[in-house]
Asker: 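This structure is in structure tokens; I'll ask about it shortly.
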Amino acid sequence: MKVRVRFAPSPTGFLHIGGARTALFNWLYARHTGGTFILRIEDTDAARNTQEAVDVILNGLRWLGLDWDEGPISGDVTGPSKGDRGPYFQSQRSENYQRRVEALLSHGLAYEHEGAVKFKMQREPVVIPDLVVGNVTRELTDREKMDPDFVIVRSDGQPVFHLVNVIDDLEMGITHVIRGEDHLTNSAKHIALFRAFGVEPPKYAHIPLILNPEGTKMSKRDKGASLMTYVEEGYAPEAVVNYLCLLGWSPKGNREKVPIQEVIELFDLPQILRHNARFDLNKLHWLNGEYIREMTADRFHELAVHALARIGIDTNRFPLDYVKAALDTCKPKVKLFAEVRTFADFYFKDEIDYATEATAQDFAPEAKPRLQQLRDALAGLEKFDADTLNATFKALAARAGWSIGLLVHPARLICTGRAVGPSLYHLMAVLGKERVLQRFDRALSRMG
RNA sequence: GACCCUAUCGUCUAGCGGUUAGGACACCGCCCUUUCACGGCGGCGGCACGGGUUCGAUUCCCGUUAGGGUCGCCA
């Protein structure tokens with residue numbers, strides 16, 4: 001039987017990082033088995049269902065590179081979709097639900113109560129076979145002992161989650177339900193519902209939750225709960241995906257950075273860890289740096305230009321070669337695209353501000369004669385490449401008997417306004433002789 | 001409160017009866033070096049506790065504790 005799995009988010013206006021991982025694990029399992037990955041939008045709660053909210057999910061999955069074989073193509077509920085088991089929006093599937101509810105009613109498996117329809121839940125414990133956790137026997141809670149039945153259609157006629165989720169999984173031929181562990185106890189209800197419809201339930205795989213650094217369930221309010229955070233902070237999608245793979249699953253062999261193709265080959269449900277994992281931003285940060293370092297220059301440029309545009313720096317105002325050369329000096333240094341700002345902004349400003357902490361030392365009065373000599377040495381250069389600059393600094397320092405740091409540190413501050421940045425000689429070469437001399441002159445005049 | 005899941009360094013993990021308990025992130029030193037980053041070397045740091053089973057338990061069983069989740073006419 002061909003594997004059919006689905007990711008079934010509710011359009012809440014953002015894509016939760018835990019939801020993203022659930023989608024990833026479903027996608028991985030589909031790709032590993034050669035099965036089908038389905039995207040279904042659970043928009044039964046009309047109040048918070050907007051096209052924009054659906055687009056957030058679609059765009060988030062696309063950003064991560066999780067392509068679906070069946071499901072909507074756009075956030076338009078009546079728009080086109082892929083696959084022959086649609087519609088893929090629950091709001092478009094009401095007839096199915098009505099038909100199924102009537103069947104339950106006529107078989108005496110559900111009944112009306114105060115305008116709502118309730119499902120006659122079995123009174124015995126339910127065994128949930130789970131590929132990750134093993135067999136779980138769900139006893140009834142105190143509440144359920146009083147009344148185990150649950151509402152499947154609200155008094156306003158709207159079907160509830162448990163009902164529609166099961167009906168859609170049934171009609172879409174879902175073979176494996178891979179979802180968060182927070183659904184584990186729900187599965188008892190779902191299994192009973194499947195049986196009431198006369199079919200065997202799909203296989204279940206409840207994956208552990210992602211906890212925040214405090215150790216509780218990552219909620220909307222937690223920093224980093226929304227996938228959008230990572231898009232905006234300048235993480236590379238492949239790094240985020242790789243990191244998510246490492247939460248609750250391991251490629252073994254003391255490896256951290258694993259190409260997605262290899263993950264697809266190695267991934268399987270029984271090897272998913274059983275315990276929750278805390279989200280560790282530090283490790284994602286490190287991993288992102290790893291991906292940046294091995295990224296092609298073109299991809300780095302693309303992502304870096306976006307990052308700069310977000311903070312109002314329009315690199316289009318500069319020659320393409322200049323922009324590329326500038327960004328090349330940043331690539332080996334940054335771990336995050338958000339950091340490109342402090343590494344590259346001076347390339348794109350006419351007047352730079354000096355970081356105040358550094359000026360006291362580097363722009364001290366006794367430094368001025370040294371910097372004047374350096375300025376003159378630079379002015380006399382015909383070639384202005386990194387090697388020449390390196391040699392010039394060294395020669396001047398040696399001749400005058402200065403530590404090279406006495407030239408290097410102020411020069412960096414003069415050229416970039418900061419104490420930290422790309423390789424000094426390389427960044428000066430990129431800025432070019434004219435800009436460098438301008439910045440020297442401005443700094444020297446400031447020093448009185 | 002009831003029900004369910006879980007338990008190896010601070011964090012993510014390897015381990016599947018006998019190991020000096022391995023790796024990664026973070027942190028701390030040293031080296032490299034024009035800052036930072038990278039890289040190299042080294043360090044810190046862990047099997048929650050108590051009973052069993054066994055010649056032998058991190059590993060299997062039970063309990064305790066702790067953490068998490070679920071108990072909606074939300075999804």
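Here is the naming used below: chain letters follow the sequence lines, and residue numbers restart at 1 for every chain. When reading the values below, keep in mind they use all heavy atoms of this one structure, side chains included, and skip hydrogens, waters and symmetry mates.
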Asker: On RNA chain B, check which nucleotide each of A:Leu209 and A:Pro332 is closest to and give me the residue with the more 5' one.
Answerer: A:Pro332

Asker: When all nucleic acid strands are considered with a 4.0 Å heavy-atom cut-off, which category describes A:Gly215: base, sugar-phosphate, or nothing?
Answerer: sugar-phosphate

Asker: Look at the side chain of A:Asn186 and decide which nucleotide, out of B:rG72, B:rA75, B:rA14, has an atom nearest to it.
Answerer: B:rA75

Asker: I'd like the C1' distance from B:rA24 over to B:rC60, given in whole Å.
Answerer: 29 Å

Asker: Check every strand shown and say whether A:Arg274 touches a base, only sugar-phosphate, or nothing at a heavy-atom separation below 4.0 Å.
Answerer: sugar-phosphate

Asker: Is there a Watson-Crick or G-U wobble partner for B:rC74 with both distances under 3.5 Å, and which nucleotide is it?
Answerer: none

Asker: So what does A:Pro422 touch, heavy atoms closer than 4.0 Å: a base, only the sugar-phosphate, or nothing?
Answerer: base

Asker: To the side chain of A:His426, which of B:rG1, B:rU13, B:rU34 is closest?
Answerer: B:rU34

Asker: Under 4.0 Å, counting only non-hydrogen atoms across every strand here, what does A:Gly248 touch: a base, just sugar-phosphate, or nothing?
Answerer: sugar-phosphate

Asker: Using a 4.0 Å heavy-atom cut-off across all strands, classify A:Phe150 as base, sugar-phosphate, or nothing.
Answerer: nothing

Asker: Say we look at B:rU6 and B:rU13: how far apart would their P atoms be, to the nearest angstrom?
Answerer: 15 Å

Asker: What is the nucleic acid contact for A:Arg293, judged by heavy atoms within less than 4.0 Å: base, sugar-phosphate only, or nothing?
Answerer: sugar-phosphate

Asker: Which nucleotide, if any, forms a Watson-Crick or G-U wobble pair with B:rC25, using both distances under 3.5 Å?
Answerer: B:rG10

Asker: Across the strands shown, which category fits A:Thr216 at heavy-atom distances under 4.0 angstrom: base, sugar-phosphate, nothing?
Answerer: sugar-phosphate

Asker: Got a salt bridge between A:Asp130 and A:Lys203, using NZ or NE/NH1/NH2 to carboxylate O under 4.0 Å?
Answerer: no

Asker: Determine the interatomic distance between P on B:rG39 and the same-named atom on B:rG46; round to the nearest Å.
Answerer: 26 Å

Asker: Can you tell me the base-pairing partner of B:rG45? Count Watson-Crick or G-U wobble geometry only, both distances below 3.5 Å, and say none if there is no partner.
Answerer: none

Asker: Ring centres of A:Phe119 and A:Tyr111 under 6.0 Å apart?
Answerer: no

Asker: Please report the distance separating the C1' of B:rG50 from the corresponding atom of B:rU58, rounded so that it comes out in whole Å.
Answerer: 16 Å

Asker: Any salt bridge between A:Asp168 and A:Arg6, counting N to O under 4.0 Å?
Answerer: no

Asker: At less than 4.0 Å, is any side-chain N or O atom of A:Lys331 found next to OP1 or OP2 of B:rC38? Yes or no.
Answerer: no

Asker: Under 4.0 Å, counting only non-hydrogen atoms across every strand here, what does A:His183 touch: a base, just sugar-phosphate, or nothing?
Answerer: base

Asker: Write down the atom of A:Ser81, the atom of A:Pro72, and the distance for their closest heavy-atom approach.
Answerer: CB-CA, 3.9 Å

Asker: On a whole-Å scale, what distance lies between the P atoms belonging to B:rU20 and B:rU53?
Answerer: 26 Å

Asker: Rounding to an integer number of angstrom, what distance separates B:rC61 and B:rU54 when you compare their C1' atoms?
Answerer: 12 Å

Asker: I'd like the P distance from B:rC9 over to B:rC38, given in whole Å.
Answerer: 26 Å

Asker: Is A:Glu339 salt-bridged to A:Arg341, cutoff N-O under 4.0 Å?
Answerer: no

Asker: How is A:Ser155 classified with respect to the nucleic acid when contacts are heavy atoms under 4.0 Å: base, sugar-phosphate, or nothing?
Answerer: base

Asker: How do A:Val151 and A:Ser423 order along RNA chain B: which one's closest nucleotide is nearer the 5' end?
Answerer: A:Ser423

Asker: What contact category does A:Glu139 fall into here, base, sugar-phosphate, or nothing, at under 4.0 angstrom with non-hydrogen atoms?
Answerer: sugar-phosphate

Asker: Roughly how many Å is it from NZ in A:Lys189 to C1' in B:rC3, rounded to a whole number?
Answerer: 12 Å

Asker: Classify the nucleic acid contact of A:Leu184 as base, sugar-phosphate or nothing, counting any heavy atom under 4.0 Å across all strands shown.
Answerer: sugar-phosphate

Asker: Please determine whether a side-chain nitrogen of the Lys or Arg among A:Glu262 and A:Arg255 lies less than 4.0 Å from a carboxylate oxygen of the Asp or Glu.
Answerer: yes

Asker: Looking at every strand, decide which applies to A:Lys335 at a 4.0 Å heavy-atom threshold: base, sugar-phosphate, or nothing.
Answerer: sugar-phosphate

Asker: Is a side-chain donor or acceptor of A:Asn212 paired with a backbone partner of A:Arg278 at a separation under 3.5 angstrom?
Answerer: no

Asker: Does the B:rG68 base have a donor-acceptor partner in the side chain of A:Asn276 within less than 3.5 Å?
Answerer: no

Asker: Say you pick atom C1' in B:rA21 and the same atom in B:rG45; how far apart are they, in whole Å?
Answerer: 13 Å

Asker: Describe the nucleic acid contact of A:Ala116 in one word from base, sugar-phosphate, nothing, applying a heavy-atom distance below 4.0 Å.
Answerer: base

Asker: If pairing requires Watson-Crick or G-U wobble contacts with both distances under 3.5 Å, which nucleotide is the partner of B:rU34?
Answerer: none

Asker: Flag the pair A:Glu181 and A:Lys217 as a salt bridge only when some basic side-chain nitrogen lies within less than 4.0 angstrom of an acidic carboxylate oxygen.
Answerer: no

Asker: Using a distance-only criterion (donor-acceptor N/O pair, under 3.5 Å, no hydrogens), is the base of B:rC71 paired with the side chain of A:Thr185?
Answerer: no

Asker: Any side-chain N or O of A:His275 below 4.0 angstrom from OP1/OP2 of B:rU13?
Answerer: yes

Asker: As a test of reading the structure: which of B:rG39, B:rC3, B:rA75 is closest to the side chain of A:Arg154, going by heavy atoms?
Answerer: B:rA75

Asker: Ring centroids only, cut at 6.0 angstrom: are A:Tyr235 and A:Tyr291 within range, meaning strictly under it?
Answerer: no

Asker: Does B:rA75 have OP1 or OP2 sitting under 4.0 Å from an N or O in the side chain of A:Thr44?
Answerer: yes

Asker: Of the nucleotides B:rU34, B:rC71, B:rA14, which one has an atom closest to the side chain of A:Thr141?
Answerer: B:rC71

Asker: Near RNA chain B, counting only heavy atoms under 4.0 Å, which residues of residues 279-288 of chain A show up?
Answerer: A:Asp280, A:Asn282, A:Lys283, A:Trp286

Asker: In the structure shown, which nucleotide is the Watson-Crick or G-U wobble counterpart of B:rC3, with both distances under 3.5 Å?
Answerer: B:rG69

Asker: Give none if B:rC16 has no partner; otherwise give the nucleotide forming a Watson-Crick or G-U wobble pair with it, both distances under 3.5 Å.
Answerer: none

Asker: Let's test your reading of the model: under 3.5 Å, does the base of B:rU11 pair with the side chain of A:Arg278 as donor and acceptor?
Answerer: no

Asker: Could you work out which one of B:rG23, B:rC4, B:rU35 sits closest to the side chain of A:Val136?
Answerer: B:rC4

Asker: For the rings on A:Phe161 and A:His190, is their centre-to-centre separation under 6.0 Å?
Answerer: yes

Asker: The side chain of A:Arg138 lies closest to which of these nucleotides: B:rA14, B:rC4, B:rU34?
Answerer: B:rC4

Asker: Any Lys/Arg nitrogen of A:Lys283 or A:Glu256 sitting under 4.0 Å from an Asp/Glu carboxylate oxygen of the other?
Answerer: yes

